[in-house]
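All figures in this text were calculated on a predicted structure; none of them were measured in a lab. In what follows, chains are A, B, ... by sequence order, proteins preceding strands, each numbered from 1. What you see below is based on every heavy atom in this structure, not just the backbone, and it leaves out hydrogens, waters and symmetry mates.
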Amino acid sequence: MLIPMSPDAHADATTGPDASVARYDPLAIEPPIASRWVDEGTYELDCAGDDERFYALTMFPYPSGDLHMGHAEIFSIHDALVRHLRMTGHAVLNPIGWDAFGLPAENAARKRGENPDEWTRANIEEQAASIRRLGFSFDWSTRLHTCDPEYYRWTQWIFLELFHAGLVDRKEGLVNWCPGCETVLANEQVVDGRCERSDDLVQRRPLTQWYFRITDYAEELLDDLDTIDWPDRVKSMQRNWIGRSEGAEITFEVADDSDDEVVVYTTRPDTIFGATYFVFAPEHPLVLARMADDPGYADYLEEVSRRSDIERQATLGEDRRDKRGHRLDFDMVNPFTGETIPAFAADYVLMDYGTGAIMAVPVGDQRDFEFARANDLEVRVIIHPTDDEGNHLDPLDPDTMEEAWVGPGTMVGSGEYDGMPWQEAKAAIIDDVADKGWGRGTVNFRLRDWLISRQRSWGAPIPMVHCASCGPRPVPADQLPVELPDDLDWTVSGSPLAAHPTFAETTCPDCGGPARRDTDTMDTFVDSSWYFLRYLSPTDDTRAWPREKAGAWLPVDQYTGGVEHAILHLLYARFFVKALRDRGHVAADEPFQALLNQGQVILDGSRMSKSRGNLVRPGDVSEEYGADTLRGTILFASAPEDDIDWADVSPSGMNKWLARVWRLNLELGDAEVADGGADVDVAELRRAVHQRILAVSDDYDQFKYNTAIAKLMEITNATMDAERAGVAGGAVREALDAVLLMLAPICPFITEELWQRRHGASVHDQAWPRADESLLEVDTVDVIVQVNGKVRGKVAVASGADESVVEAAAMADDNAARFLAEGEVRKVIHVPDRLVNFVVA
RNA sequence: GGGCGAGUGGCGGAAUUGGUAGACGCGCACGGUUCAGGUCCGUGUCCUCGAAAGAGGGUGAAGGUUCAAGUCCUUUCUCGCCCA
């Protein structure tokens, strides 16, 4: 449909015959540009020049449906960063792929009878189309999917590498079982005793599973946090999770004729003189053996098994003080005092923490204290409390104290250690424990080994076979991949892979006899622990990645993604790089040198989700206002790390400003027009522009896109003021071009269209603008005049004027003079070019 | 309970790191231009007093340091996250 040409200036400024271009119409200009970028491979990495290499990575999406606002946000941040880097002379590796294995696909398959593969690939295509439409400048030649055999072949290869490095264990343990997901989970996937995915209460089951020995790297994972540029809170979350503590293992003997002895781990060996009883985890083997004939104990065990770990570990509380323990029919001997102390089983001690047994010190541990009070056990004071400076506080009274003392103090009632500050006593006791052969000082970590077996089937099969005579044997690397059969029955309950009639049938790679494949798959966090390496050569079918490329590109220079991965993914990937380094496959110590966590996009204060029905999708916005408006709105709303409440943002405001940018570019700044306007007005505009170039560049370096946009808006405001004052020609063009260049990383379409119309080249190939410092110099500055710290006026003085000149000018200010007259000037503070403050009394 | 982070107009948020608090935008009010209009262009907008000039108050609360505090220190309240 033809729109009649209006006879105003708008139409005159258009270059083409199509009059509709006069109006900012993002829905018309964006799609052709987006397809051109993909068709021409515009953003494929080009290392031909001598540009500095930069690996920019954003967490690859999980294809659970179309893109959501969280994706749009992180990609907008990431793409602004990437496009800015290109303009500042970097060869940026900017890959894209999909984290495509996982339970949701399997659940969808079961519910709707679809194949998870089809479901996943359909979602991927939908997301890919949205990513292209929004103009994110990924290098599509790197594209990978973790569910492709060409990818998981190498996931399995890494499993074997770790296996040969001795980092894979098959162990029995009490594992976390999620009844909803019908699989075991890693510790990291259990939050407050619930499955982080399905929210089901996690059960403890004894099962034999595959583990990666991440604990072998606990110390290094902790120490190397100091070498990476990550947000402090992510580092401290990892530190907490790894949970290093120094303490001692001490052996206690059973007080009878047997040679039975038990090792406890304690972080407070200094309190051993206060150990008045001893506690075993109810499932402790020694207890099970010794209490086998006691029916009362069997009842107790039965009762304990019904309680979750959280319930068991919670501070006891008034209501059930007496129900949590069982007196055993034997005692223990405290090696330091030689005393016999009673032994209990109590559910607040867990079998898989420490050694499953503790020495109980009521005076120094709250749970021990409460248990002691509930069971009328002795509370023995072995510490005299002090404050942090070491000053003594009131001594503790074992009969009246109401909670354990966990603060600092000096030792009392502890034999030769009396009088020592507690840290000193701790060190001394650790030494003595070792000397006397009762134990040793140890470093303990909270971090557990990573359980990677999953009883699910939309994942990478674990490349192991179980041979009756040879035991579990690795599949030889040249037989990879162990492929998922394409005829799995996804409707069965339990694991389709385990239910498959022939998948498990194989022969032992060692003896050639009949053997069974492992029917579990790997945790999907295994897939995502190395994808940044595969991006270096996604189609190479001879190796996972070339070593020399890994040397050149790792670590990733800048990683962007959500803080929800602060522990899981980021810890696992760090472990992988360290383990692969030790196998000689990479040179780097860490995968991600710098990390940027974006905030969340919420709506009306709560998380957007399908189930809440409060979804705003990126497509809703881009279909109405275009991708540039969506991207600009997101980045303008707040700093990247902060949450955005979509109820508070205004796409129409951003759209309005972009329309203004459009109009100004078409109406003004024509090079044909002779330079016009008073010299001062021209100089003022140019100064405003060049000041902003400096400031915006700074904002980009700090990822502060919200203030960068604000300053670009200031340039357009200044341009309109200048235009009204009669400024025309070169200075206006310079201002408009500066906006286009510096807006290009944020709104890539409108800037591209306008730049091409004006200059015939791509704005994204231009160099980042540089401020001309000579334009920033000013003759006069406004200096604030304060009297007794209150602003009383403002005077214009020559820039760099010395104190006497400024003082004189300030005193001549009418308003300031009124207040100066009220007393005598005692002191003058002069901040050059900023402020002068008279202290009057 | 411990650790970390944050509290600034009606709203999102700014404040060269101690130097004019509220940039920029949204919203709102008024005026103009259009009136096909979710258009465009002005002006105003922290609170109180005032016609204005200006004055007083003001960054969760209370103290403190300083010529000067949103910014530094102490105490405290609220919220968020992580660990118990």
Side-chain angles (χ1 to χ4, degrees), chain A residues 3-4 6 8-10 23-24 191-192 231-243 309-310 313-315 353 365-367 403-404 406-407 446 563-564 566-567 597 599-600 602 605 624-625 632-639 641-657 659-660 663-664 667 691-692 694-696 698-699 704-718 720-721 723-724 782-795 814-816 818-819 825-841:
Chain A
I3 297 169
S6 53
D8 59 14
H10 298 223
R23 179 178 288 278
Y24 173 50
V191 179
D192 289 338
D232 287 340
R233 78 181 163 137
V234 176
K235 290 200 210 179
S236 80
M237 281 164 74
Q238 293 218 347
R239 277 191 199 103
N240 278 333
W241 189 261
I242 296 167
D309 279 7
I310 329 261
Q313 286 182 285
T315 311
Y353 270 58
D365 180 280
Q366 185 61 19
R367 283 182 298 207
E403 57 182 12
V406 294
R446 209 184 77 98
V563 74
E564 66 272 18
I567 294 173
N597 284 133
Q600 309 231 310
I602 56 177
E624 184 174 5
Y625 295 109
T633 303
I634 289 169
L635 293 182
F636 188 50
S638 69
E641 316 80 53
D642 296 335
D643 289 351
I644 297 174
D645 193 326
W646 201 258
D648 296 328
V649 305
S650 171
S652 67
M654 177 55 53
N655 192 253
K656 203 163 109 179
W657 178 63
R660 178 180 288 183
R663 198 160 10 85
L664 291 175
E667 288 175 5
Q691 262 169 6
R692 299 309 187 281
L694 222 50
V696 172
D698 215 48
D699 285 343
K704 290 164 71 176
Y705 306 109
N706 54 336
T707 51
I709 293 170
K711 282 156 198 159
L712 296 178
M713 289 172 166
E714 287 172 356
I715 299 182
T716 53
N717 291 346
M720 290 195 297
D721 289 346
E723 194 260 340
R724 234 170 276 126
D782 285 340
V783 171
I784 301 305
V785 182
Q786 293 185 340
V787 179
N788 286 340
K790 287 188 186 293
V791 178
R792 298 301 183 189
K794 186 162 75 172
V795 291
D814 287 350
N815 199 47
R818 274 170 52 209
F819 291 89
V825 176
R826 295 290 163 98
K827 193 172 172 186
V828 180
I829 285 94
H830 178 235
V831 183
D833 286 354
R834 299 198 65 83
L835 158 149
V836 62
N837 185 15
F838 297 93
V839 183
V840 169

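Dashed line: the shortest gap from a side-chain N or O of A:R663 to OP1 or OP2 of B:C41 is under 4.0 Å. One finds a side-chain N or O of A:R792 lying less than 4.0 angstrom from the OP1 or OP2 phosphate oxygen of B:A55.
When rounded to the nearest whole Å, the span between CG of A:N240 and P of B:C81 equals 16 Å. In this entry the distance linking NZ of A:K794 with P of B:A53 reads 14 Å, nearest Å. Atom P of nucleotide B:U66 and atom CG of A:N788 are separated by 15 Å, given to the nearest angstrom. Following rounding to the nearest Å, A:K704 (NZ) and B:A15 (P) show an atom-to-atom distance of 4 Å. In this structure, CG of A:D232 is placed 8 Å from P of B:G5, rounded to the nearest angstrom. We find that CG of A:N815 is positioned 14 Å from C1' of B:A52, with the value rounded to whole Å. Counting to the nearest Å, the C1' atom of B:G80 and the CD1 atom of A:I602 are 11 Å from each other. Between the CG atom of A:D645 and the C1' atom of B:G13 there is a distance of 13 Å, given to the nearest Å.
Note on A:F819: only backbone sugar-phosphate atoms sit closer than 4.0 angstrom, heavy atoms only; bases stay farther off. Within the 4.0 angstrom heavy-atom criterion, no nucleotide atom of any strand lies near A:D782. Residue-level contact check: A:W241 touches the backbone only, with heavy atoms under 4.0 Å from sugar-phosphate atoms and none from bases. A:E624 comes within 4.0 angstrom of a base, heavy atoms only. In this structure, A:R724 reaches the sugar-phosphate backbone alone: every heavy-atom distance under 4.0 Å involves primed, P, OP1 or OP2 atoms, never a base.
For the pair A:A659 and A:K790, both in contact range of RNA chain B, the more 5′-proximal nearest nucleotide belongs to A:A659. Taking for each of A:I644 and A:D721 the nucleotide of RNA chain B with the nearest heavy atom, the 5'-most of the two is the partner of A:I644.
Closest approach to the A:N837 side chain among B:C83, B:G12, B:C67 is made by B:C67 (side chain taken as heavy atoms from C-beta onward). In this structure, of B:U20, B:C67, B:A55, it is B:U20 that holds the atom nearest to the side chain of A:V791.
Using a 4.5 Å cut-off on side-chain heavy atoms (C-beta onward), A:I644 and A:F636 make no contact. Counting heavy atoms from C-beta outward, A:D721 and A:R724 have side chains that approach closer than 4.5 Å. Residues A:R692 and A:L694 have side chains not in contact (no heavy-atom distance under 4.5 Å, counting atoms from C-beta outward). In this structure the side chain of A:I634 never reaches within 4.5 angstrom of the side chain of A:M654, judged on heavy atoms.
When both pairing distances are held under 3.5 Å, B:A51 makes no Watson-Crick or G-U pair with any nucleotide shown.
Taking atom P on both nucleotides, B:C72 is separated from B:U20 by 16 Å, rounded to a whole Å. The same atom, P, is picked in B:G13 and in B:A23; the two are 15 Å apart, to the nearest Å. Spacing between B:A51 and B:A62 at atom P, rounded to whole Å, works out to 31 Å. The separation of B:A52 from B:G58, taken at their C1' atoms, amounts to 23 Å, rounded to a whole angstrom. Rounded to the nearest Å, the gap between the C1' atom of B:G70 and that of B:G60 is 12 Å. B:C11 and B:C47 have their P atoms separated by 12 Å, with the value rounded to a whole Å. Annotation: B:G7 and B:U59 have their P atoms spaced 14 Å apart (nearest Å). Rounded to whole Å, the P atom of B:A6 lies 16 Å from the corresponding atom of B:G18.
With its glycosidic angle within 90° of 0, B:G9 is assigned syn.
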Could you list the protein-to-nucleotides 23-27 of chain B atom pairs, N/O on both sides, closer than 3.5 Å?
unit_1 : atom_1 : unit_2 : atom_2 : d
B:A23  : O2'    : A:E714 : OE2    : 2.6
B:G25  : OP1    : A:N717 : ND2    : 3.2

Under the side-chain contact (heavy atoms from CB on, under 4.5 Å) criterion, do A:E667 and A:E723 qualify, and how do the steps go? CA-CA 11 Å; A:E667 288 175 5; A:E723 194 260 340; over 6 Å; no
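For the residue pair A:V840 and A:N788, the shortest heavy atom distance occurs at N-OD1, 2.8 Å.
Looking at A:Q600, its side chain has no donor and acceptor atom pair within 3.5 Å of the base of B:G80.
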